[in-house]
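Structure first, commentary second.
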Amino acid sequence: MPRAVVVLLSGGLDSTTVLAIAKSEGFEVFALTIAYGQRHGIEIEASRRIADAMKAKEHRIIAIPLDQFGGSALTDNIEVPKDRETNEMDSGIPITYVPARNTVFLSLALAYAEVIGAADIFLGVSAVDYSGYPDCRPEFLNAFQEMARLGTKAGVERAEITIHAPLVHMSKAETIRKGLELGVDYGMTHSCYDPFEGKACGRCDSCQLRSRAFDEVGIEDPALTL
């Protein structure tokens with residue numbers, strides 16, 4: 001019988017690849033999407049398409065309104081940076097960082113995992129193409145895993161809760177190649193920080209990282225042909 005796993009699914013390229021990886025490893029996927037008060041709900045719709053198409057056992061969408069705090073261009077009335085050079089993306093933590101987002105998301109995934117009896121959580125973060133976010137680093141993930149083992153009933157009784165970040169040392173291009181090997185349809189995904197009328201802006205950090213990666217792989221981004 002396949003083991004249950006919680007996969008944090010944003011509707012983007014990385015989390016969709018991670019869902020495919022989890023399935024390829026024989027896990028039964030329980031997908032979790034967080035509506036955190038992001039200014040654009042397109043990614044929520046993308047997560048629904050992906051969970052359905054990739055046959056997740058269950059897909060839950062829960063609302064945690066981080067926009068009540070603001071402090072990010074993704075949740076507040078702050079302009080999303082556009083047309084930044086690579087050296088600009090690599091310097092400092094950008095205004096698109098959402099305070100404590102991955103800590104909150106992983107905590108919710110941990111609660112979900114305990115309820116369904118899962119000892120594994122997958123998320124799609126990368127310490128290579130990560131736009132400077134501190135909560136995408138291996139050090140953070142290791143610290144959270146230790147906290148999960150110390151602070152939960154499942155962790156105390158079994159001590160086997162594991163945080164999986166299979167993309168953490170992969171570039172965006174390597175991620176795409178892996179997803180293509182697993183049959184991922186990237187046309188279903190959405191990555192833009194500032195879409196307009198359902199279309200990616202092509203200029204924010206996320207769009208630029210995605211575009212460069214598809215160029216490196218040598219194929220056109222299927223999301224742009226829809």
Side-chain angles (χ1 to χ4, degrees), residues 7-20 31-54 59-86 88-89 93-99 101-102 104-105 123-126 129-133 135-136 167 171-173 175-176 179-180 184-217 219-226:
V7 176
L8 282 165
L9 179 64
S10 70
L13 183 153
D14 294 331
S15 65
T16 302
T17 306
V18 163
L19 194 159
L32 177 62
T33 299
I34 314 297
Y36 60 91
Q38 56 267 63
R39 288 163 53 184
H40 304 284
I42 296 171
E43 61 188 48
I44 305 297
E45 296 305 315
S47 74
R48 287 193 177 98
R49 293 195 301 269
I50 293 158
D52 182 60
M54 298 179 71
H59 180 212
R60 294 203 179 195
I61 301 173
I62 64 174
I64 301 293
L66 296 180
D67 59 318
Q68 292 191 22
F69 302 127
S72 168
L74 302 189
T75 59
D76 209 338
N77 189 26
I78 300 171
E79 186 175 354
V80 173
K82 303 283 180 65
D83 303 319
R84 298 207 305 162
E85 299 294 334
T86 302
E88 293 179 280
M89 295 185 201
I93 299 172
I95 195 61
T96 50
Y97 163 72
V98 179
R101 180 174 61 179
N102 281 348
V104 173
F105 285 11
L123 76 164
V125 296
S126 170
D129 292 335
Y130 74 120
S131 293
Y133 298 149
D135 53 1
C136 292
L167 313 181
S171 69
K172 197 74 72 182
T175 294
I176 292 169
L180 293 174
V184 172
D185 175 9
Y186 287 115
M188 296 188 296
T189 66
H190 175 84
S191 303
C192 182
Y193 289 155
D194 195 25
F196 180 71
E197 295 183 350
K199 302 294 184 181
C201 73
R203 298 168 55 202
C204 67
D205 290 0
S206 183
C207 279
Q208 290 197 68
L209 287 170
R210 177 173 173 138
S211 177
R212 291 170 191 167
F214 273 103
D215 286 345
E216 185 177 337
V217 172
I219 62 173
E220 185 176 6
D221 183 352
L224 300 180
T225 63
L226 298 179

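If you're wondering where the values come from, they're calculated on a predicted model, not measured in any experiment.
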Is any side-chain heavy atom of [X] less than 4.5 Å from a side-chain heavy atom of [Y]?
X: Thr17; Y: Tyr186; value: yes
X: Leu180; Y: Ile219; value: yes
X: Thr16; Y: Met54; value: yes
X: Thr33; Y: Arg48; value: no
X: Ser15; Y: Leu8; value: no
X: Tyr36; Y: Thr75; value: yes
X: Asp194; Y: Arg39; value: yes
X: Ile50; Y: His59; value: no

Approximate separation, where rounding is to 0.5 Å, of [X] [atom1] and [Y] [atom2]:
X: Ile34; Y: Ile44; atom1: CD1; atom2: CD1; result: 8.5 Å
X: Arg49; Y: Met188; atom1: CZ; atom2: CE; result: 8.0 Å
X: Glu197; Y: Ile42; atom1: CD; atom2: CD1; result: 10.0 Å
X: Ser10; Y: Leu19; atom1: OG; atom2: CG; result: 10.5 Å

Atom CG of Asn77 with >12 non-hydrogen neighbours under 6.0 angstrom: no
Any idea which heavy atoms bring [X] and [Y] closest together, and the distance?
X: His40; Y: Tyr193; result: CD2-O, 3.6 Å
X: Ala213; Y: Ala173; result: CB-N, 3.6 Å
X: Ile176; Y: Leu13; result: CG1-CD1, 3.8 Å
X: Arg203; Y: Cys207; result: N-CB, 3.9 Å
X: Cys136; Y: Ser126; result: CB-O, 3.7 Å
X: Ser47; Y: Leu9; result: O-CD2, 3.5 Å

Arg210 and Thr189 side chains, donor-acceptor separation under 3.5 Å: yes
Residue pair Ser191 / Ser206, side-chain donor-acceptor N/O under 3.5 Å: no
Derivation of the salt bridge (charged side-chain N to carboxylate O under 4.0 Å, His left out) call for Asp205 and Arg84: CA-CA 7 Å; Asp205 290 0; Arg84 298 207 305 162; 2.6 Å; yes
Any donor-acceptor pair under 3.5 Å from Asp76 side chain to Gly71 backbone: yes
Donor-acceptor contact present, side-chain Asp185 to main-chain Gly187, <3.5 Å: yes
side-chain contact (heavy atoms from CB on, under 4.5 Å) between Leu167 and Val125, intermediate numbers included: CA-CA 6 Å; Leu167 313 181; Val125 296; over 6 Å; no
SB check Asp14 Lys172 (cutoff 4.0 Å): yes
Mutual orientation of the aromatic rings belonging to Tyr97 and Tyr133 [parallel < 30°, tilted 30-60°, perpendicular > 60°]: tilted
Residue pair Val98, Leu66: steps toward the side-chain contact (heavy atoms from CB on, under 4.5 Å) verdict: CA-CA 8 Å; Val98 179; Leu66 296 180; 4.0 Å; yes
